Amino acid sequence: MPDPIDELENFNPGAPMNPLSPSEVRRLGDRHRRRRTAGIALAAAAAVAVIATGSVVLAGGGEPQGLDPAPPNPSESTASGPRIPDSLDITVDLYENESGEPATQRHGDVGLTLVDFCGVTPFADDGRADSVSAATSGPEYSDTREVVLYADEQSAGQALERLTAAARDCPRQESGPDNDTLHRVESWDAGESGVLVVRTYTNSLGAEIMRFTRVGDALLASSTYAEYDPSNTASGEADQARRLKSVVDQMCVFTDAGCATTTEPPASEPPATEPPADTDDIPADFPLAAGWPDRHEPDDRYGLTGPAPDVPVLEALQACGAALPAAASLDRLGAAWANVEDYRYRLLLTFEDADGAIDYQRQLVDAYRACPRTEDGESNASLNDVRQTRVGGESWAVVRTFEFLGAPAIGMEVIHVVRLGRALLVDTAANEGGGGPDPEAQATAQIAEQTAETSAPLAAMCAFTEAGC
Amino acid sequence: MDEREFDDFYTASFTRVTHQVYAMIGNRDEAQECVQEAFVRAWAHRRQLDRAQHPEAWVRTTAYRLAVSRWRRVSLSRRSPDRAVGLATEAPPPSESHVALVAALRQLPEAQRQALVLHHIADLPVQAVAREVGVPEGTIKARLSRGRAALAALLSDDPHSGLQEGATHA
């Protein structure tokens with residue numbers, strides 16, 4: 001069997017036939033130029049666009065020497081200037097790199113200094129007093145964090161405003177041949193003022209999720225890249241926010257009040273399933289995670305989370321690009337399971353009566369039914385197929401699949417919503433199915449598998465029926 | 001860039017860039033035409049090219065864009081024969097191994113193919129590939145990883161070995 005790398009590196013199909021002479025190329029180039037400069041305004045504008053595009057692309061292409069942007073000047077701190085305390089640990093919940101080594105943090109490193117929106121690098125040369133950054137990466141992900149300290153709150157606020165404005169002013173950027181970069185900007189309720197920027201690509205999988213927030217005199221910047229489905233980055237966003245919480249909490253040292261009076265994130269926009277007030281409607285021993293595997297790869301990212309009332313589930317889902325509707329539930333219990341390319345969530349919601357459960361089940365299903373097909377850029381599309389199943393009192397499955405360039409793409413997510421009495425079970429599984437020759441057979445098998453695995457929690461839901469167990 | 005510098009650049013780079021674009025698009029004649037046209041544009045825009053400092057990357061990117069644009073715009077079989085800027089090219093048939101490699105590359109997703117060619121044929125480091133393509137390094141690493149696995153399966157002597165499920169759409 002030939003080595004594909006040898007084949008590639010020795011690729012030499014021979015000299016081209018009948019190439020133009022250099023002088024002929026120049027002659028045609030001169031003619032091309034004359035046509036441009038003599039001509040129509042539209043043609044000139046188009047030519048400028050070509051040049052501009054070429055320059056942008058070229059900014060990083062070719063031989064690497066001399067290509068790197070000017071070295072950043074991340075720190076102008078002096079021995080007497082303000083300095084980030086060494087006790088600030090920004091590596092908390094940062095994933096290990098591909099060789100299993102934990103990330104380490106360093107003062108004055110590049111960090112996210114060169115974050116770029118349409119050629120604007122608002123974080124570079126910004127008069128910072130000190131910075132500390134940490135980064136980690138693997139074959140399919142990279143994660144970078146940086147905390148930057150400024151002379152005062154005003155300077156930190158201005159830096160955040162520059163970042164936000166640069167991202168907002170760059171919703172779409174041509175970034176390569178047939179490939180545009182898209183930016184979505186939203187607020188982030190963390191710290192004193194935060195912003196979320198999600199960067200996706202029109203012609204490739206993957207997304208870079210960036211978050212910036214100010215706490216006192218300092219800014220936190222974070223960038224996580226992974227091969228997320230560009231049409232649904234909600235789970236990645238939720239995961240990143242969760243992992244940054246400890247860093248944001250530690251940044252209270254940069255406020256005038258110190259850490260004792262750090263405020264909680266504002267509660268103006270509660271998450272979709274804000275845990276209700278303490279109730280004991282769902283028994284503590286409810287077998288929500290029963291049926292899931294008990295073995296996983298040895299990595300902190302994998303394994304079981306919960307069951308517990310505060311495990312986020314619906315927060316990781318989106319329908320038609322929007323968050324799912326909030327549930328006015330009486331009680332909730334969530335659980336999550338993760339392994340390599342295997343992500344599962346379960347949520348049990350209980351309502352005052354069956355009508356409440358029926359109503360919310362309809363809201364969930366309708367949210368997906370509203371967008372059977374969503375185009376994500378020129379190459380990607382996500383498909384939602386809602387189908388009725390025969391489990392419990394009433395059940396529906398949402399089968400989410402994806403297309404790339406019109407062909408079934410890797411990745412399948414099944415959201416099975418089962419009501420029994422006044423309880424609703426949301427059981428989700430996302431994995432690398434869906435790209436094979438028969439996605440429908442995979443979907444049917446996936447639903448059957450999830451139904452079998454949830455037999456124990458479904459049986460326990462009899463407690464929420466009129467007849468009881 | 002003066003005439004002599006451009007001529008040296010063209011002479012030194014034309015064959016190399018043509019091979020790279022051929023590997024990316026799978027059509028040698030089309031690759032040669034697009035690279036030729038890219039060099040014409042390079043001369044027309046030589047002042048900007050000077051500032052960019054890396055003309056070969058500019059030419060490669062422009063040629064690839066032209067190829068993709070042409071492929072999308074019209075069917076190759078219906079295009080006018082005078083579309084090219086140069087003489088008609090009728091390249092001799094490439095060797096069997098090149099045919100197999102190019103055929104395998106054409107079965108890969110465009111993004112994986114581009115990453116493999118830039119990294120392994122154009123010999124660019126991952127960082128430079130990421131910058132040229134305009135995506136993060138992690139994306140390039142993933143595309144290289146999956147592309148190499150898929151290519152190995154496609155080039156396997158085992159007739160039962162092929163792309164694993166989903167490999168063409170990673």
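In the text below, chain A, chain B and the rest are named by the order of the sequence lines, each starting its count at 1. None of the values given here were measured: they were computed from a predicted structure.
At a 4.5 Å heavy-atom cutoff, A:Ser223 makes no contact with chain B through either its backbone or its side chain. Interface remark: A:Asn10 contributes backbone atoms only to the contact with chain B (heavy atom separation under 4.5 Å). For B:Leu105, the part lying near chain A is the side chain, with the backbone staying farther off; criterion is any non-hydrogen pair under 4.5 Å. With a threshold of 4.5 angstrom between heavy atoms, A:Glu208 approaches chain B through side-chain atoms but not through N, CA, C or O. At a 4.5 Å heavy-atom cutoff, the contact between A:Ile5 and chain B is made by side-chain atoms alone. For B:Thr15, the parts lying near chain A are the backbone and the side chain together; criterion is any non-hydrogen pair under 4.5 Å.
Separation of atoms CG (B:Leu101) and CG (A:Asp6) is listed at 11.0 Å; rounding is to 0.5 Å.
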Check step by step if side-chain contact (heavy atoms from CB on, under 4.5 Å) holds for A:Phe11 and B:Val102.
-> CA-CA 9 Å; A:Phe11 182 69; B:Val102 171; 3.7 Å; yes
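Nearest heavy-atom pair, B:Phe6 versus A:Arg26, reported as atom, atom and distance to 0.1 Å: CD2-CG, 3.5 Å. Here the closest non-hydrogen pair linking A:Gly29 and B:Ala44 is O-CB, 3.3 Å. The shortest heavy-atom contact between A:Leu20 and B:Gln36 is N-NE2, 3.1 Å. When all heavy atoms of A:Val25 and B:Val40 are compared, the closest pair comes out as CG1-N, 3.8 Å. Between A:Pro22 and B:Tyr10, the shortest heavy-atom distance links the atoms CG-CD2, 3.6 Å.
Most heavy-atom pairs under 4.5 Å with chain A: of the set B:Glu3, B:Arg148, B:Arg16, this distinction falls to B:Glu3.
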